[in-house]
Amino acid sequence: MEPRKIIPAVSVAVVRGMTVLLVKRARPPSQGLYAYPGGKVEPGETLAQAAARELKEETGLEAGDYQPLRDIHIDGRAENHAVDYLLTVFGAAYVRGEPVASDDAETAAFYTLAEMAEMPLADEVLEVARELLGDSHR
């Protein structure tokens with residue numbers, strides 16, 4: 001069996017006050033789930049540049065102070081993808097703009113931890129939000 005191709009990808013959890021930005025994914029992977037905006041890294045981009053570009057494309061927002069939080073291996077076989085993804089999740093601070101869903105985002109808005117606990121979320125979204133906002137807000 002040949003090893004599966006692994007594509008670098010990024011997502012960004014933007015914090016504004018005690019809320020975090022989520023988009024509802026309009027396409028696979030994780031279609032219909034709420035996740036952080038993100039996508040594939042383009043040739044020549046750093047991971048942070050890709051995160052900023054994807055944030056702007058999907059939501060129109062600008063953020064700063066990008067910090068890598070974790071790497072997540074996404075096995076594409078679960079959704080019949082021919083490739084796997086190595087997703088680097090960034091945390092970032094809100095700078096400006098109001099979220100407007102575009103590109104492959106169906107919706108884009110800021111949510112509290114309490115709201116997120118009731119939503120269909122992609123893997124590790126709630127854990128990352130708890131890290132960023134603090135566990136005391138469960």
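All values reported here derive from a predicted model rather than from experimental measurement.
- Of all the heavy atoms in D84 and G76, the pair that sits closest is OD1-N, 2.9 Å.
- Note: Y85 OH to I6 CD1 = 12.0 Å, rounded to the nearest 0.5 Å.
- At a threshold of 4.5 Å between side-chain heavy atoms, the hydrophobic network of Ile, Leu, Val, Met, Phe, Trp and Tyr places V12 and L113 in two separate groups.
- In this structure, R25 contributes its side chain and G32 its backbone to no donor-acceptor pair below 3.5 Å.
- In this structure, Y94 and V15 have side chains that are not in contact, with every pair of non-hydrogen atoms separated by 4.5 Å or more.
- For D71, the CG atom counts as densely surrounded, since its 6.0 Å shell holds more than 12 non-hydrogen atoms of other residues, nucleotides or ligands.
- Two residues are said to be in side-chain contact when any heavy atoms from C-beta on lie closer than 4.5 Å; Y34 and L121 meet this criterion.
- When hydrophobic clusters are built by joining Ile, Leu, Val, Met, Phe, Trp and Tyr residues whose side-chain heavy atoms come closer than 4.5 Å, directly or via intermediates, V100 is not grouped with V14.
- Between D75 and R4, the closest heavy-atom pair is OD1-NE, 4.0 Å.
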May I have the step-by-step check of side-chain contact (heavy atoms from CB on, under 4.5 Å) for T88 and V41, ending in yes or no? CA-CA 10 Å; T88 300; V41 178; over 6 Å; no

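- Under the 4.5 Å side-chain heavy-atom criterion for Ile, Leu, Val, Met, Phe, Trp and Tyr, V89 and L22 are members of the same hydrophobic cluster.
- A52 and Y66 make their closest contact through CA-OH, 3.3 Å (heavy atoms, listed as atom of the first residue, atom of the second, distance).
- In this structure the side chain of Y111 never reaches within 4.5 angstrom of the side chain of T19, judged on heavy atoms.
- For the residue pair P99 and L21, the shortest heavy atom distance occurs at CB-CD1, 3.9 Å.
- To the nearest 0.5 Å, atoms NZ (K24) and CD (Q31) are separated by 9.5 Å.
- The shortest distance between side-chain heavy atoms of V125 and L33 does not fall below 4.5 Å.
- I74 and V83 end up in the same hydrophobic cluster when Ile, Leu, Val, Met, Phe, Trp and Tyr side chains are linked at under 4.5 Å.
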Could you go through R16 and E98, starting from their C-alpha distance and side-chain angles, then the distance that decides it, and tell me whether this counts as salt bridge (Lys or Arg N to Asp or Glu O under 4.0 Å)? CA-CA 11 Å; R16 182 170 78 178; E98 283 304 315; 3.2 Å; yes

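- To the nearest 0.5 Å, atom NZ of residue K56 and atom CG of residue L61 are 8.0 Å apart.
- At a threshold of 4.5 Å between non-hydrogen side-chain atoms, the residues D123 and I72 do not count as touching.
- Contact record, L126 with M116: CD1-CB, 3.9 Å, taken as the closest heavy-atom pair.
- Proximity of V10 to E45: side-chain heavy atoms (C-beta onward) are nowhere separated by under 4.5 Å.
- Distance check: E127 CD to L132 CG gives 12.0 Å after rounding to the nearest 0.5 Å.
- In the hydrophobic cluster analysis, where Ile, Leu, Val, Met, Phe, Trp and Tyr join through side-chain heavy atoms closer than 4.5 angstrom, V23 is grouped apart from V95.
- Of all heavy-atom pairs spanning S11 and L87, the tightest one is N-CD1, 3.6 Å.
- For E58 (side chain) and S102 (main-chain N/O), no donor-acceptor pair under 3.5 Å exists by modelled atom type.
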